[in-house]
Asks: 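Below is the structure I would like to discuss, written out as C-alpha cells.
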Protein chains: 2
Amino acid sequence: MTFSKSFGYALRGILYVSLLKDEPRKISIDEIAEKLSVPRHFLGKIMKAVVKAGILSSTRGLQGGFFINEKTLGTPLLTIILLTEGNNYFNTCLLSMRKCNSSNPCPLHNKVEEHKDGLLQIYGQTLVSDLLQDDKADFIKSLATVEAA
Amino acid sequence: MTFSKSFGYALRGILYVSLLKDEPRKISIDEIAEKLSVPRHFLGKIMKAVVKAGILSSTRGLQGGFFINEKTLGTPLLTIILLTEGNNYFNTCLLSMRKCNSSNPCPLHNKVEEHKDGLLQIYGQTLVSDLLQDDKADFIKSLATVEAA
DNA sequence: AAGAAAAAGGATATAAATGTCCTTTATTGA
DNA sequence: TCAATAAAGGACATTTATATCCTTTTTCTT
Ligand code: FES
Ligand code: FES
C-alpha cells in the first residue's frame, strides 16, 4: 500500500511543474524543493530520473529548469510508480517470495488479488492530468508537506 | 501494496506453527527457518515480537519452542501487519505527507481511498485460520521461498 | 545437581533507502 | 569572451531495514 518517499517526491515534483505549465519561465529545482518542503538535493536526483524517463524535460543554464513536454500530462501514474519502485513492484509477492504467481499462490494471494488488480487498473488509467486541480493556490498547498495534521 | 520482509517472515512463521497445531511437540526456530528458507537469526527476532504481542506462545529450554495459544487462530491479518509495519501503516499518505487525511487530501487520496479501505476491510476480517489449507504438504510447500518461478 | 536444549536478549554487521555536498557541463546574457 | 545560473553527475553521510553472532535465561532430562 505504501510507496517510497522517492515516489512521493517524484509525483509531487511532476505535478508542481505541470501546474505551472502556462507560465513562460522554467521551474528550478530550488523552487520545487522549497514549495514542496522536500530535500533539495535528493529531489534533484529523482527529477533527473524523471527527465531521463521522458516524463518531464529540462534545460541547463541561465533561465533553465524543468518544464512539461508532450508526454507529461498523459503519463499514467503507473509509469511513475514503476520508475521509482522498480518494474517488479506489482509482481512481488506480499509474503516476500520470489514471484507473485497465481499458479502457485502464497496463502495471501487469492485474498488480495482482486484489490491488487483494481489498484493496478487505477494506476494505469489515472494520468498526471487527472490529478491536477483547478484551484492552483489550493493545489500547491495540498502538495506541500505539512507537519501538523 | 508491498509489505516488508519482516511481515512475510512473521506471517509465514505463524502459519507454519499453526499448521502443526495437532502435533504434541513444540516447534523450534531452527525448524521454522529451515522449512521456510528464511534467515534463522532474523526470524528469531521477529518471532520474539510475535510472542510478545501474544499472537503465539513459546517456552524456553529442552523441548521448548513455539506453539499456538487461544488467540493465534483468531488473529486478524491486520494485527500482524501493524506489528511489523507499524501502527501508522494505514494512515500514512501515499505521497509521503504527514498524515493521510480525507479533510485535506493529497492528489492521490481520493483515487485510491476505495481500494485502500477495501484492503483494510479484508485484512481486518481475514484470520490466521482463514489462511490455513487442508493439504499440509502442499501448504508447507507454498510457505517455502522458491527461487525459480 | 549437572548438562543439554532452546528461546530471549543484546551487540554488531551489511545492505538499501534517504539525504547532503561538491564538481562538471550546458545555457544565457552581457 | 566572460560571468552567472541551473541541471547533471558523482562522492559521501546518515538512517533504516535486514541479517548474523554471541551471551543469558529458562526448562527439561538424567
Ligand atoms: S501475493 Fe504472494 S504469491 Fe501473489
Ligand atoms: S493518500 Fe495522501 S492524504 Fe491520503
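These numbers were taken from a predicted model, which means no experiment stands behind them. The analysis underlying the following values was restricted to heavy atoms, covering all of them including side chains, and did not include hydrogens, waters or symmetry mates. Chain A is the first sequence line, chain B the second, and so forth, proteins listed ahead of strands; every chain is numbered from 1.
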Asks: In whole angstroms, how far is the P atom of C:dG9 from the CD1 atom of B:Ile46?
Replies: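 That distance rounds to 15 Å.
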Asks: Verify whether the ring centers belonging to B:Phe3 and B:Tyr123 lie closer than 6.0 Å.
Replies: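 Ring-ring flag for B:Phe3/B:Tyr123: true, centres closer than 6.0 Å.
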Asks: Would you kindly give the CZ-to-P distance between B:Phe42 and C:dA8, to the nearest whole Å?
Replies: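 So the two atoms are 16 Å apart, to the nearest Å.
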Asks: Set out, line by line, the N/O atom pairs under 3.5 Å between protein and nucleotides 8-11 of chain D.
Replies:
from: D:dA8; atom 1: OP1; to: A:Ser58; atom 2: OG; distance (Å): 2.6
from: D:dA8; atom 1: O4'; to: A:Arg60; atom 2: NE; distance (Å): 3.2
from: D:dA8; atom 1: O4'; to: A:Arg60; atom 2: NH2; distance (Å): 2.6
from: D:dA8; atom 1: O3'; to: A:Arg60; atom 2: NH2; distance (Å): 3.3
from: D:dA11; atom 1: N6; to: A:Lys45; atom 2: NZ; distance (Å): 3.3

Asks: Considering only residues two or more places apart or on different chains, which pairs with a residue in residues 67-78 of chain B satisfy side chain to side chain donor-acceptor pair (under 3.5 Å)?
Replies: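 Residue pairs with at least one partner in residues 67-78 of chain B: B:Ser57-B:Asn69, B:Asn69-B:Thr72.
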Asks: Just call it for A:Phe7: base, sugar-phosphate, or nothing, with non-hydrogen atoms closer than 4.0 Å on any strand.
Replies: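 Contact class for A:Phe7: none.
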Asks: Check whether more than 12 heavy atoms from other residues, nucleotides or ligands sit under 6.0 Å from atom NZ of B:Lys141, and answer yes or no.
Replies: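 For B:Lys141, atom NZ is not crowded (no more than 12 foreign heavy atoms under 6.0 Å).
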Asks: Provide, to the nearest angstrom, the distance between the NZ atom belonging to B:Lys5 and the C1' atom belonging to C:dT14.
Replies: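 In whole Å, C:dT14 C1' lies 12 Å from B:Lys5 NZ.
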Asks: At less than 4.0 Å, is any side-chain N or O atom of A:Tyr9 found next to OP1 or OP2 of C:dT18? Yes or no.
Replies: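 So the side chain of A:Tyr9 is outside the cut-off, no N or O lying under 4.0 Å from OP1 or OP2 of C:dT18.
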Asks: Would you say B:Tyr16 and B:Ile140 make side-chain contact, with heavy atoms under 4.5 Å?
Replies: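 Yes - at least one pair of side-chain heavy atoms lies under 4.5 Å apart.
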Asks: With a 4.0 Å heavy-atom cut-off, tell me which residues in residues 10-34 of chain B come close to DNA chain D, sorted by residue number.
Replies: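 DNA chain D contact set from residues 10-34 of chain B: none.
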Asks: In whole angstrom, what separates B:Phe67's CZ from D:dT26's C1'?
Replies: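 It works out to 13 Å between those atoms.
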Asks: Starting at CZ of A:Phe3 and ending at P of C:dA17, how long is that distance when rounded to a whole Å?
Replies: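 Value for this atom pair: 16 Å.
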Asks: Is it possible for you to say whether A:Leu83 and B:Leu94 belong to one hydrophobic cluster, with membership spreading through side-chain heavy-atom contacts below 4.5 Å?
Replies: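 Result: yes, single cluster for both.
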Asks: Picking from A:Lys111, A:His109, A:Lys116, what satisfies side-chain hydrogen bond (donor to acceptor under 3.5 Å, both in side chains) with A:Glu113?
Replies: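 So, applying the side-chain hydrogen bond (donor to acceptor under 3.5 Å, both in side chains) to A:Glu113 and each of A:Lys111, A:His109, A:Lys116, only A:His109 qualifies.
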Asks: May I ask you to evaluate whether B:Gln63 reaches the phosphate of D:dT29, defined as a side-chain N or O under 4.0 Å from OP1 or OP2?
Replies: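 For D:dT29, OP1/OP2 do have a side-chain N/O of B:Gln63 under 4.0 Å.
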Asks: Atom NZ of residue position A:Lys52 - does it have more than 12 heavy atoms of other residues, nucleotides or ligands inside 6.0 Å?
Replies: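 Not more than 12 within 6.0 Å, no.
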Asks: What distance separates A:His115 NE2 from B:Ile122 CD1, expressed to the nearest 0.5 Å?
Replies: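 So the gap between those two atoms works out to 4.0 Å.
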Asks: Just do the salt bridge (Lys or Arg N to Asp or Glu O under 4.0 Å) check on B:Glu31 and B:Arg25 with the steps written out, would you?
Replies: CA-CA 12 Å; B:Glu31 174 177 344; B:Arg25 68 198 174 90; 2.6 Å; yes
Asks: Quick check: on DNA chain C, is the nucleotide nearest A:Ser4 upstream (toward 5') of the one nearest B:Leu62, or the reverse? Name the residue that is more 5'.
Replies: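 By nearest-heavy-atom nucleotide position, the 5'-most residue is B:Leu62.
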